[in-house]
Amino acid sequence: MSAAFRARMRGWRWPGLLSRIVAAVLGGYAIGALVSVACAVLLPLPRSEAVVIGMMLSFLAYAGVVLWVFAARTAWRAWAGLLAPGLLLAASWAGRPV
């Protein structure tokens with residue numbers, strides 16, 4: 001490798017970028033799953049309709065998570081921004097039968 005290439009690679013923020021990619025993929029999946037389950041459990045509709053609405057909203061939640069992760073100022077804020085709604089969604093249906 002040339003010295004110029006190595007110098008450019010040192011300037012890249014690989015750990016932050018990889019952390020954001022992992023947060024977008026895994027965090028988006030987790031938030032999407034939590035949204036779908038919370039809707040299925042909490043919506044006062046017939047179970048089949050609540051599940052379908054929850055699944056449709058999970059796609060929006062996943063897209064929102066990906067946008068949030070890459071719009072956050074730092075990777076730490078991106079992870080913190082996933083933790084808060086994740087805990088809120090998990091607490092909203094914890095202890096209720098699925």
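Residues satisfying the side-chain contact (heavy atoms from CB on, under 4.5 Å) criterion with A30, sequence neighbours excluded, are absent altogether.
Under the 4.5 Å side-chain heavy-atom criterion for Ile, Leu, Val, Met, Phe, Trp and Tyr, V25 and V65 are members of the same hydrophobic cluster. In the hydrophobic cluster analysis, where Ile, Leu, Val, Met, Phe, Trp and Tyr join through side-chain heavy atoms closer than 4.5 angstrom, L60 is grouped together with I53. By the rule that hydrophobic residues join a cluster once side-chain heavy atoms approach within less than 4.5 Å of another member, L82 and Y29 end up as members of one cluster. Residues F70 and W68 are members of one and the same hydrophobic cluster, defined by side-chain heavy-atom contacts under 4.5 angstrom among Ile, Leu, Val, Met, Phe, Trp and Tyr. Note: the hydrophobic cluster containing L34 does not contain L83 (ILVMFWY, side chain heavy atoms under 4.5 Å, direct or indirect links).
Inter-residue side-chain proximity for V22 and W79 is flagged as met; some heavy-atom pair is nearer than 4.5 Å. Using a 4.5 Å cut-off on side-chain heavy atoms (C-beta onward), V51 and S36 make no contact.
Contact record, A61 with G32: CB-CA, 4.4 Å, taken as the closest heavy-atom pair. Minimum heavy-atom separation, G54 to V35: O-CG1, 4.4 Å.
Taking CD1 of I31 as the start and CG of L88 as the end, the distance is 9.5 Å to the nearest 0.5 Å.
Checked by atom type and distance alone, the side chain of R20 pairs as donor or acceptor with a backbone atom of V69 at under 3.5 Å.
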